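In what follows, a structure is listed as structure tokens, so that the remarks can point back to it.
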2 protein chains.
Amino acid sequence: MSEKNDVASALVKLSFLVQSVYAEVSEASGLTPQQAQLMCVLCNQNLGMAQLAQTLGIEKSSLTGLVDRVEKLGFVSRKVSENDARSSIVQLTKIGTNVVLKFRGEATAKLNELVACMPKRYRDTFTDIAGRIVTEHEVPAVFNQVS
Amino acid sequence: MSEKNDVASALVKLSFLVQSVYAEVSEASGLTPQQAQLMCVLCNQNLGMAQLAQTLGIEKSSLTGLVDRVEKLGFVSRKVSENDARSSIVQLTKIGTNVVLKFRGEATAKLNELVACMPKRYRDTFTDIAGRIVTEHEVPAVFNQVS
DNA sequence: TATTGTTATACTCTATAACTATA
DNA sequence: TATAGTTATAGAGTATAACAATA
């Protein structure tokens, strides 16, 4: 008995497929997926380490090294908060902004290719349903808009 | 301009949501996601290290440690191939089989919950479309059937 | 000589616990 | 005392390069 019609199986396979695209495009930008995710979060907002860790769903101590490495690449920088001398605000650099925009563009293109084989009507339906699923659950910020 | 209707964005968010469920259920079984994936692949077939590495998309040298750790947990075992003395065949142990079946059951349940809020008609449509997407692309084996 | 698998080494990501500095 | 962030330490996952054993 095949399970091609099993929702769970479809979700898992699809998610691994998308993750592989995400990883591939990250690498093409010289980033790990986690670094790309970090930079995507910072597209919209400059955040302190604590907020950033919470947004990414990792410990502050884990974030320290992650930011260190991306900072060493020159894509983000820390600045001391004006309101609170304890707080480090992390922000994209000029180069970092370009890198993440390129990343987002390429990822979007590759993901669109993934569904390009389907009729538009199907794509719209799929997008609608997928959108409903994610809006009804807590989803980590991973692909923020530059708005 | 919101991008709720953007396919790429929906795909990424959905994939991270599914990955978080996969990770959560793995942990509940005392496994890392990679260990769970390894065991899922072995549900259907006993494989040599080279084939297993290829299936998982990692280097043989990376697989050595991964199998070591799962073997230490008692969930898989290596046996020398009868045809080729160089080859180690990896197989699930009795306990390992129970663990992976439990993992699969819980993951399936949690993933079904994810779409439980949607009318059946929508779920079926979504499953159909997602199934088409993955069948038209190379998807790593991550949720094999026990058949 | 080619293939199978392991070892050595290095790096990224992650967590927990302990710490410093500031509020 | 509580919060922001870092450091120390440990372990998992990964890759590359070099190696041993077998085909």
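All values derive from a computational prediction rather than experimental measurement. Proteins get letters first, then strands, A, B, ... in listed order; numbering begins at 1 in each.
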Report summary line: Out of D:dT22, C:dG5, C:dT14, minimum distance to the side chain of B:Lys60 belongs to C:dG5
Query raised in the report: For A:Ser87, which contact category applies under a 4.0 Å heavy-atom criterion: base, sugar-phosphate, or nothing?
Result: sugar-phosphate
Requested in this report: Look at the side chain of A:Met49 and decide which nucleotide, out of C:dT6, D:dG5, C:dT12, has an atom nearest to it.
Outcome: D:dG5
Requested in this report: Could you check whether the rings of A:Phe103 and A:Tyr22 sit parallel, tilted or perpendicular, using 30° and 60° as the cut-offs?
Outcome: perpendicular
Requested in this report: Determine: side-chain N/O of A:Arg69 to OP1/OP2 of C:dT14, distance under 4.0 Å, yes or no.
Outcome: no
Report task. Identify whether the distance between the nearest side-chain nitrogen and carboxylate oxygen of B:Glu106 and B:Lys102 falls below 4.0 Å. Result -> yes
Report task. Looking only at side-chain atoms of A:Glu59, point me to the closest of D:dG5, C:dA15, D:dA23. Result -> C:dA15
Report task. Could you tell me whether the phosphate oxygens of D:dA8, OP1 or OP2, come under 4.0 Å of any side-chain nitrogen or oxygen in A:Ser61? Result -> no
Query raised in the report: Got a sec: does the CD of B:Gln54 have more than 12 other heavy atoms crowding it under 6.0 Å?
Result: no
Under 3.5 Å, which N/O atoms of the protein pair with N/O atoms of nucleotides 19-21 of chain C?
none

Query raised in the report: Between B:Asp68 and B:Lys72, does at least one N-O distance fall below 4.0 Å, as a salt bridge requires?
Result: no
Requested in this report: For B:Cys40 and B:Arg104, work out which heavy atoms get closest and say how close.
Outcome: SG-CG, 4.2 Å
**Report entry** A:Gln35 vs C:dC13: side-chain N/O to OP1/OP2 distance below 4.0 Å
**Finding:** yes
Query raised in the report: Does the side chain of B:Arg78 get closer than 4.0 angstrom to OP1 or OP2 of C:dT6 through an N or O atom?
Result: yes
**Report entry** Side chain B:Ser62 and base D:dA15 donor-acceptor under 3.5 Å
**Finding:** yes
Report task. Specify the residue among B:Thr64 and A:Leu66 whose closest nucleotide of DNA chain C lies further upstream toward the 5′ end. Result -> B:Thr64
Query raised in the report: Which of these nucleotides, D:dA23, D:dA4, D:dG13, is closest to any side-chain atom of A:Asp84?
Result: D:dA4
Report task. Would you indicate what A:Gly65 reaches in the nucleic acid, counting non-hydrogen atoms under 4.0 angstrom: base, sugar-phosphate, or nothing? Result -> nothing
Requested in this report: Please determine, for the side chain of A:Gln34, which listed nucleotide (C:dT16, D:dT6, C:dC13) has the closest atom?
Outcome: C:dC13
